[in-house]
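Report on the following structure.
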Amino acid sequence: MSLQFITNYVILATSGLLVTKNYYMSLLYPFLIITTLYAFKFYEYSDDLNEALSRSIFGITIGSLFLFAFCKLFDIQFFTKKLMLILLIFIFILPFLNYILSKISSKTIKPIRYLVVGRKSEIYSILKEIEEKSKGKYQFVEYINASPVTFKEKIAQYDNVLITDPQLEKEIGNELEQIRQTHKIEYLPNLAEMVLKRIPLEVMQKFEEYYKVYFDNIKESPAKRVMDIFFSLIGLVVYSPVILISAIWILIEDGPPVLFRQPRVGKNEKIFEMLKLRSLRVAQIDPTNPNKDIEQRVLKIGKFIRKTRIDESIQFWLILKGKMSLVGPRPEMIEYHEMMKPHIPYYTYRLLVKPGLTGWAQINYKHSSTLEEYKIKTEYDLYYVKNRNVFMDLKIFLLTLETLIFRKGAM
């Protein structure tokens, strides 16, 4: 992956410098193009030419629009017709180039072999998923229960050590110190988050003290609030004509009310009234199964506004008021909240931040209806709460656009 990033950057920067003679912008603009390509998961599909090409089209197009807007805003003479032509050519060149680099990398990169300090029966499924998601980059070859003698005998055969149980780690503390110069010692939370992009509940339970430090110090960022206000104002302006047309259509098709109002669970379990453009016919909700017969109640206009998420555009108003955020865990219905809370460990940690119009779980996982699905969704929410920052929010914002275009995830 790094080889692809570096190669793409060098090609974009060189071409920009040749056609514009602007040294500084030629160095800066590849970051924007590569960021949008990354947001559209272009690099995840480098070994699939058809998928990579479609994502290249959208990624470079959106990146070019951002670049054009930036240059206009700051009156920079950089986005020329020649550069536009270069970017158009790269739409088709980069997928083929990265496909070749992907094949080269897969043959030359040596897998990292781990000696695992932990019980195989407890963490095998998570490590197997990490192996699959990393496409064999990480291999968990042997598991030991932290016998100092066994550890000394085995360690020479492996590249790294993976700690999956902090209690077992204590039993070989001296042996671990002795091999720090020759082997990298990694911990399951770091590796699981890096590869899976979520916090498995089993991992969180094993490393509870480690995670408690993070979740006990959650604070809202002032920069995030500024971003919320900025984008919610833009969203209201851009969507206002669409909201008006949709509202009139709802009235014609099914009469009032235009808005759907429902109490939802927000930050710190406080209840607030969430708004949507109404996409369903009015009916009594079964508290044990709130989504029962939902497809039979969808309005004609409802199908369109639900698929495009126009029905939720009214929530920009709630973001502006501070009830919600642009990015965060989606607010649950009270019925679902009460059902899941007793059965999912650390479920309430997802409520340490404001609920969002879009979120990490929504772009990475499907719509949830069972307890097991809600557990996985919660794992993605917990990852967001722990790792969130303004840059991650911007990434999620771009990925939401990607999800809408390619109709993936839980949008």
Side-chain angles (χ1 to χ4, degrees), residues 1-20 22 25-72 76 78-109 133-135 137 195 197 307-309 327 358 360 362-366 391-411:
M1 184 67 73
S2 58
L3 178 62
Q4 294 172 4
F5 280 137
I6 293 169
T7 305
N8 291 178
Y9 177 85
V10 170
I11 291 174
L12 287 166
T14 303
S15 62
L17 184 59
L18 288 174
V19 300
T20 67
N22 187 324
M25 281 301 296
S26 294
L27 291 176
L28 289 173
Y29 98 95
F31 285 110
L32 177 58
I33 300 299
I34 290 173
T35 298
T36 51
L37 284 171
Y38 177 74
F40 276 78
K41 300 183 180 178
F42 170 70
Y43 295 99
E44 292 182 21
Y45 293 90
S46 54
D47 55 353
D48 183 341
L49 272 176
N50 291 330
E51 188 73 20
L53 180 59
S54 65
R55 291 172 185 277
S56 177
I57 291 170
F58 286 107
I60 292 181
T61 300
I62 297 297
S64 299
L65 290 173
F66 281 131
L67 179 62
F68 174 76
F70 179 82
C71 291
K72 283 292 183 183
I76 300 172
F78 179 75
F79 196 81
T80 63
K81 289 182 180 179
K82 287 183 179 180
L83 186 65
M84 285 177 61
L85 179 61
I86 290 291
L87 289 171
L88 180 63
I89 294 171
F90 281 150
I91 284 176
F92 302 97
I93 289 179
L94 290 186
F96 286 97
L97 174 64
N98 287 351
Y99 178 80
I100 295 169
L101 293 173
S102 175
K103 294 301 180 183
I104 294 172
S105 296
S106 64
K107 292 180 180 180
T108 57
I109 295 177
K133 285 282 178 69
S134 68
K135 297 181 180 180
K137 178 181 177 182
V195 178
K197 306 303 181 185
K307 280 183 178 180
T308 56
R309 297 194 74 193
V327 178
T358 185
W360 187 242
Q362 281 61 50
I363 60 175
N364 283 287
Y365 196 60
K366 61 185 179 180
F391 296 106
M392 186 178 184
D393 283 0
L394 288 171
K395 176 184 175 180
I396 293 171
F397 187 72
L398 287 171
L399 283 170
T400 299
L401 181 60
E402 181 269 341
T403 303
L404 288 171
I405 292 171
F406 290 96
R407 293 282 182 261
K408 294 183 179 181
M411 307 310 289

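These numbers come from a predicted model, not from an experiment.
- Counting only distance, with no hydrogens or angles, the side chain of Thr14 and the backbone of Val10 share a donor-acceptor pair below 3.5 Å.
- The CG atom of Leu399 lies 12.5 Å from the CD atom of Gln362; values are rounded to the nearest 0.5 Å.
- Annotation: the span from Ile60 atom CD1 to Ser64 atom OG amounts to 7.0 Å, rounded to 0.5 Å.
- The shortest distance between side-chain heavy atoms of Leu12 and Leu87 falls below 4.5 Å.
- Atom OH of Tyr9 and atom CD1 of Ile34 lie 8.0 Å apart (nearest 0.5 Å).
- In terms of modelled atom types and a separation under 3.5 Å, the side chain of Thr36 and the main chain of Gly59 share a donor-acceptor contact.
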Phe68 vs Met84, side chain to side chain contact (heavy atoms under 4.5 Å, CB included): CA-CA, chis, key distance, verdict: CA-CA 10 Å; Phe68 174 76; Met84 285 177 61; over 6 Å; no
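- Taking CG of Leu94 as the start and OG1 of Thr7 as the end, the distance is 10.0 Å to the nearest 0.5 Å.
- Atom CE of Met392 has more than 12 neighbouring heavy atoms from other residues, nucleotides or ligands inside a 6.0 Å radius.
- Contact between Phe92 and Phe96 at its shortest, heavy atoms only, is O-CD1, 2.9 Å.
- Using a 4.5 Å cut-off on side-chain heavy atoms (C-beta onward), Phe79 and Lys72 make no contact.
- Under 3.5 Å, the side chains of Asn22 and Tyr29 contain no donor-acceptor pair of N or O atoms.
- Using a distance-only test at 3.5 Å, with no hydrogens or angles considered, a donor-acceptor pair links the side chain of Trp360 to the main chain of Lys197.
- The distance from the CZ atom of Phe42 to the CG atom of Asn8 is 6.0 Å, given to the nearest 0.5 Å.
- When all heavy atoms are compared, the tightest approach of Pro95 to Leu53 is CG-CA, 3.9 Å.
- Between Lys135 and Glu44 the shortest heavy-atom distance is NZ-O, 4.2 Å.
- With values rounded to the nearest 0.5 angstrom, Leu97 atom CG is found 11.0 Å from Ser102 atom OG.
- Within the 4.5 Å cutoff, the side chain of Ser46 has no heavy atoms near those of the Leu101 side chain.
- Residues Ile76 and Met25 form a side-chain contact, since some pair of their non-hydrogen atoms from C-beta on lies under 4.5 Å apart.
- Of all non-hydrogen atoms in Leu83 and Gly16, the two that sit nearest each other are CD1-CA, 4.2 Å.
- Two residues are said to be in side-chain contact when any heavy atoms from C-beta on lie closer than 4.5 Å; Arg309 and Thr400 meet this criterion.
- For the residue pair Ile363 and Lys41, the shortest heavy atom distance occurs at O-NZ, 3.7 Å.
- No side-chain heavy atom of Phe70 sits under 4.5 Å from any side-chain heavy atom of Phe78.
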